[in-house]
Each structure stands twice: as structure tokens, then as C-alpha cells.
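Notes follow the structure.
Numbers here are sequence positions counted from 1.
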Amino acid sequence: MNKKQMKEFMNALNAIVAEKGIDKSIVIEAMEQALSAAYKKKGGPARCVVNPDTGEIKLFSVRTVVEDENFHDPKSQICLTEAKVRVPDIEVGETIEDPVEMTDFGRVAAGTAKQVVVQRIKEAEKELIVKEFGDKQDELVIGTLSREDSKTYYVDLGKTFGLLPKDETIPGEKLEMGSQIKAYVSKLELGGKGVFILLSRTHYGFLKRLLEIEIPEISDGTVILYSVARSAGERSKIAVYTEMENIEPIGCVIGSGGSRINRVIKQIGNEKIDVILYDKNPTVFIKNALSPAKDVEVFITDYKKKEAIAVVNRDNLSLAIGKKGQNVKLASLLTHYKIEVKSYDDVDIEEYRTKYNNEIPFEKETTEEQENLIENQSSEISKEEIEIKEESTITEENIENQEENIKNEENTNA
């Protein structure tokens, strides 16, 4: 290979390195393997050395020393007698190398060389992608909307693409091609074909990560985000608390004049966010979670199964239930309790107070336990479960009947 050829080779090598973003040594190693494989097609085993600075290529045939009686392949073997003439102390099993002229190895050999290089470069690219994105599960990523089909947006993340199903976008939002978006990695799989990244903007984790970015006290642990419940595009509830004195957790999250929480709201399509104070006592926590309903009396009916009844007056019944049961559903997800809402008019409140007045001590989870809780809290909640569950104590019929009763009583009083 003359100087001109070496220069051209180095230019091509550097171009590959720059375009693919992979280490130069990996490409050189691939070149060496390719040229060795190419020579093997014609002349037997070989070793190739590429100078990374000059581009000079040296090729050596490699023959293994065998006993004279076992010698049968001059391309890959050399008999012991001949080998000892060149290297007196050489032993059977060792190798002898001879320089080989860099010549045209033929179409098949050239094709083999190209295949080896291309395959190694693909493997290197895959390794880079796995290294960069392998730990992005449950994290927030920023990408560019590259293209779309009828069901999916393809988000350019740099070295790879993420898939954002259209039913995982916030209802009502309009996404434009070429624009940058934030998304949550809801599923990440490392396979033989590389990395599969599924994105979401409706997942509760998307809101959680945004809060960590926008609220310094959450990111540094001053305020602890206990749990998140979300109905994307409509309403969310978040529960927070702090173990530090003189810190008001809800105020930290909302910010002066709502400045902090509004920055988050703008990024999720003006979705309403209720900030709830977590309490270690589940009765207090459930009361808080049913906000904006007031004057709520809560009875824990089964601590092990996490079931509770919330009793409210007529004026707060609709608020506690919410439109299509949304408020009580989010409160259930937030507190991890199955909550049944009843009116004072429908129960014997004194009987409830007598029957369910036994309190048991509750301690806050440790920080580690809390982190595990919030990471796993909605992992089993599918999109179907976002709707009111059939087995829920609050059904569409219950809601309609209770609202109808309220209207009839108001008309009667009028």
C-alpha cells in the first residue's frame, strides 16, 4: 500500500469514526479482522496489523508447526524440520509468520472483508446505544419528533429512536414534526436487535419526573413525594410530606403565586393538579385525598385489605365522588385504599363510629420503602384500570343515583 492509498484509507477510517460516533480502535480492529478473513479465503490463516496513525497495513500468514508425518496443508501448517531451520528452538504447536503482499484478494474475499467490517461496526453501534440508554427505564428523555404513522410517533433520541404511541400522548395536545418533546421511558428492552424504547406522556411517572425537575425541594429530598395518581389531560393528585421542621411541603410545591406548580401544569396540557398532604394516619390521609370535599369522616373497615368508607354531608357528596367518580378514584390510587363514599343520610353514623373506632398505630415508611412504593405504585395499573373498575364500590349507577337524590331533595326543598 503506497502513501496515497494509506492517506485515503485513513480518511475513510476517520469518516466512519466521526459518522458513527464509535471508538477508532473498534474500527481498526474490525479492519484487521476483515483483512485477515479476506486473506484466509485465499491463502490460509493470517494476522493483520493496521497502524492507527499512518494507516499502514501489514499482513502476515500464520502457519502452525506440526510433526513432519502430520504435515498435509501448506497454507496453514509448516513441518517441524523446516521450521527448525528458521527457528532452531521452535516447538510443535507454535506458529511462524511470514509477510504477505497486499494484493487483490478477489471478489469473494473483498465481500467477506466488507461483511466483517459492517457487522463489527453495527455491533459497536449497538453497544454504544445500550451503554447510553440501558439505564433509562423510568427516566425522562428529550427527543425530536422525527416521523409518524397512524398509531405511533417516532422520537429521535440521538443514537436511536423511541416509540411514542399516540394513545400515550396527553389528550388534546398537538405535536408537530421537528419539535422537541419530553417523554417518560415506560418500557425498555435490550435485545439482539438493539434497544427497544417505549415512551409515554400519560404515565404517572412522567408527572413525577417533571416535579423532580421543577421543584428543588423534591429533587434534594427536603420534600418527599409519597405517591402520584393521574388521569392524563384531566386531573392529578400528588401526596407530599417532609421530615424537616419549619418546612411547609405543599407551599414548596406550589410556589409563590403558584409559580412552581404552574410550570409543571403547562407541560402537561393544563392538567389540574391537587397537592395533598400525606399523613401516616390513613383516616387523615384519605380525608386529605378526597379534597376538595370538606367535612369528611373516614372509617377504616379493613386495614389488611385496605378498605375504607368516607361519609360526607349532602353538599360535599358530589365533590367527594367527582365527575364520573374521578375524584374518589384518584384518591384511591393516591392512598392505596379502596374507598366507598356514602352520605350521612344513608348510614347510621353512630353505629359506624362505634363499630370502626379502633385505631392502630401507623409509622411513616422509611425513605427507602417510600421510594420503592412510588416506583412500583402504578406498575400494575393498565389504561383500562384508569377507568372506573367494575369491582369498585363506586359505580356509574351509584354516582348517578346519589346525584339524582340530591337534585330531588333540592327541588322538594325549593
Margin query: When you compare the side chains of Gln77 and Thr64, does any donor N or O come within less than 3.5 Å of an acceptor on the partner?
Written below: no
Notebook entry, point to check: Are Leu198 and Leu188 close enough that some pair of their side-chain heavy atoms sits under 4.5 Å apart?
Noted result: no
Notebook entry, point to check: Rounded to the nearest 0.5 Å, how far apart are OG of Ser61 and CD1 of Ile96?
Noted result: 9.5 Å
Margin query: Ignoring hydrogens and geometry beyond distance, is a side-chain donor-acceptor pair present between Asn51 and Lys58 at under 3.5 Å?
Written below: no
Check: Does atom NZ of Lys187 have more than 12 heavy-atom neighbours, drawn from other residues, nucleotides or ligands, at distances under 6.0 Å?
Finding: no
Check: Under 3.5 Å, is there a donor-acceptor pair between the side chain of Asn316 and the main chain of Leu319?
Finding: no
Margin query: Before you tell me yes or no, could you show the steps for Tyr153 and Lys166 under side chain to side chain contact (heavy atoms under 4.5 Å, CB included), namely the whole-Å CA-CA distance, both residues' side-chain angles and the distance that decides it to 0.1 Å?
Written below: CA-CA 7 Å; Tyr153 290 108; Lys166 291 187 175 180; 3.6 Å; yes
Notebook entry, point to check: Hey, which of Arg201, Lys136, Arg209, Glu168 is the one that makes side chain to side chain contact (heavy atoms under 4.5 Å, CB included) with Tyr184?
Noted result: Arg209
Margin query: Any heavy-atom pair between the side chains of Leu145 and Val155 that's under 4.5 Å?
Written below: yes
Checklist line | Approximate separation, where rounding is to 0.5 Å, of Glu217 CD and Glu212 CD | finding: 13.0 Å
Note to self: Check the orientation of Tyr226 and Tyr278. Use parallel for under 30°, tilted for 30 to 60°, and perpendicular for over 60°.
What the structure shows: parallel
Note to self: Using only atom types and a distance under 3.5 Å, with no angle test, would you say the side chain of Glu94 pairs donor to acceptor with the backbone of Glu91?
What the structure shows: yes
Next item on the list: Might you work through the side chain to side chain contact (heavy atoms under 4.5 Å, CB included) test for Gln326 and Ser231, ending with a clear yes or no?
Entry: CA-CA 8 Å; Gln326 185 187 73; Ser231 179; 3.7 Å; yes
Notebook entry, point to check: Is the backbone of Glu56 close enough, under 3.5 Å, to the side chain of Thr54 for a donor and an acceptor to pair up by distance?
Noted result: yes
Notebook entry, point to check: In this structure, are over 12 heavy atoms from other groups packed under 6.0 Å from Lys294 atom NZ?
Noted result: no
Check: Just checking, is any N or O donor in the side chain of Tyr241 or Asp279 under 3.5 Å from an acceptor N or O on the other one?
Finding: no
Next item on the list: Walk me through it: do Lys182 and Leu210 pass the test side chain to side chain contact (heavy atoms under 4.5 Å, CB included)?
Entry: CA-CA 9 Å; Lys182 294 176 181 177; Leu210 289 177; 4.1 Å; yes
Margin query: Using only atom types and a distance under 3.5 Å, with no angle test, would you say the side chain of Lys75 pairs donor to acceptor with the backbone of Pro45?
Written below: no
Checklist line | Basic-acidic side-chain contact under 4.0 Å: Glu340, Lys342 | finding: yes
Next item on the list: Measure the shortest side-chain to side-chain distance between Leu225 and Lys208 over non-hydrogen atoms and say whether it is less than 4.5 angstrom.
Entry: yes
Next item on the list: Indicate yes or no for a side-chain donor-acceptor contact from Arg260 to the backbone of Glu214 under 3.5 Å, with no hydrogens or angles considered.
Entry: no
Checklist line | Minimal non-hydrogen separation, Ile170 against Thr202, with atom names | finding: N-CG2, 4.1 Å
Next item on the list: May I ask you to establish whether Lys159 and Phe133 are in a cation-pi arrangement, using a distance under 6.0 Å from NZ or CZ to the six-membered ring centre and at most 45° from the ring axis?
Entry: no
Item checked: Side-chain heavy atoms of Leu211 within contact of Val264, under 4.5 Å -> yes
Item checked: N/O donor-acceptor pair under 3.5 Å between Ser332 side chain and Lys338 backbone -> no
Next item on the list: May I have the step-by-step check of side chain to side chain contact (heavy atoms under 4.5 Å, CB included) for Val185 and Leu199, ending in yes or no?
Entry: CA-CA 5 Å; Val185 180; Leu199 304 175; 3.9 Å; yes
Check: Between Phe161 and Ser146, is any pair of side-chain heavy atoms under 4.5 Å apart?
Finding: yes
Margin query: Between Ile309 and Tyr352, is there a side-chain heavy-atom distance shorter than 4.5 Å?
Written below: yes
Next item on the list: Evaluate whether atom CZ of Arg263 has more than 12 neighbouring non-hydrogen atoms of other residues, nucleotides or ligands under 6.0 angstrom away.
Entry: yes
Check: Would Ser236 and Glu271 count as a side-chain hydrogen bond (donor to acceptor under 3.5 Å, both in side chains) if you check the C-alpha gap in whole Å, the side-chain angles of each, and the deciding distance to 0.1 Å?
Finding: CA-CA 7 Å; Ser236 293; Glu271 181 179 309; 2.3 Å; yes
Notebook entry, point to check: Do Asn262 side-chain atoms and Gly258 backbone N/O form a donor-acceptor pair below 3.5 Å?
Noted result: yes
Check: Any donor and acceptor pair, going by atom type alone, linking the side chain of Glu248 with main-chain N or O of Gly251 inside 3.5 Å?
Finding: yes
Margin query: Using the rule given for salt bridge (Lys or Arg N to Asp or Glu O under 4.0 Å), can you reason through Asp345 versus Arg314, listing the C-alpha separation, both sets of side-chain angles and the distance that settles it, and then say yes or no?
Written below: CA-CA 8 Å; Asp345 298 334; Arg314 185 183 62 185; 5.6 Å; no
Notebook entry, point to check: If only atom types and distance count, is the side chain of Ser259 paired as donor or acceptor with the main-chain N or O of Ser256 below 3.5 Å?
Noted result: yes
Note to self: Within the 4.5 Å heavy-atom criterion, are Ile349 and Glu297 side-chain neighbours or not?
What the structure shows: yes
Check: So, are Glu234 and Lys323 salt-bridged, with charged N and O less than 4.0 Å apart?
Finding: no
Check: Of the non-hydrogen atoms in Leu290 and Ala331, which two are nearest, and what is the gap between them?
Finding: CD2-CB, 3.8 Å
Next item on the list: Hey, could you give me the CD/CZ distance between Glu32 and Arg120, rounded to the nearest 0.5 Å?
Entry: 12.0 Å
Next item on the list: Applying side-chain hydrogen bond (donor to acceptor under 3.5 Å, both in side chains), run through Ser76 and Asp73 and close with a yes or a no.
Entry: CA-CA 6 Å; Ser76 63; Asp73 183 4; 2.8 Å; yes
Margin query: Taking Lys24 first and then Glu29, would you say they form a salt bridge - that is, a charged N and a carboxylate O separated by under 4.0 Å?
Written below: no
Next item on the list: Find out whether the Lys NZ or Arg CZ of Arg147 is both under 6.0 angstrom from the six-membered ring centre of Tyr154 and within 45° of the ring's axis.
Entry: yes
Margin query: Could you check whether any side-chain heavy atom of Thr95 comes within less than 4.5 Å of a side-chain heavy atom of Val65, counting everything from C-beta outward?
Written below: no
Notebook entry, point to check: Yes or no on salt bridge (Lys or Arg N to Asp or Glu O under 4.0 Å) for Glu97 and Arg63, after CA distance, side-chain angles and deciding distance?
Noted result: CA-CA 6 Å; Glu97 297 185 356; Arg63 293 185 293 169; over 6 Å; no
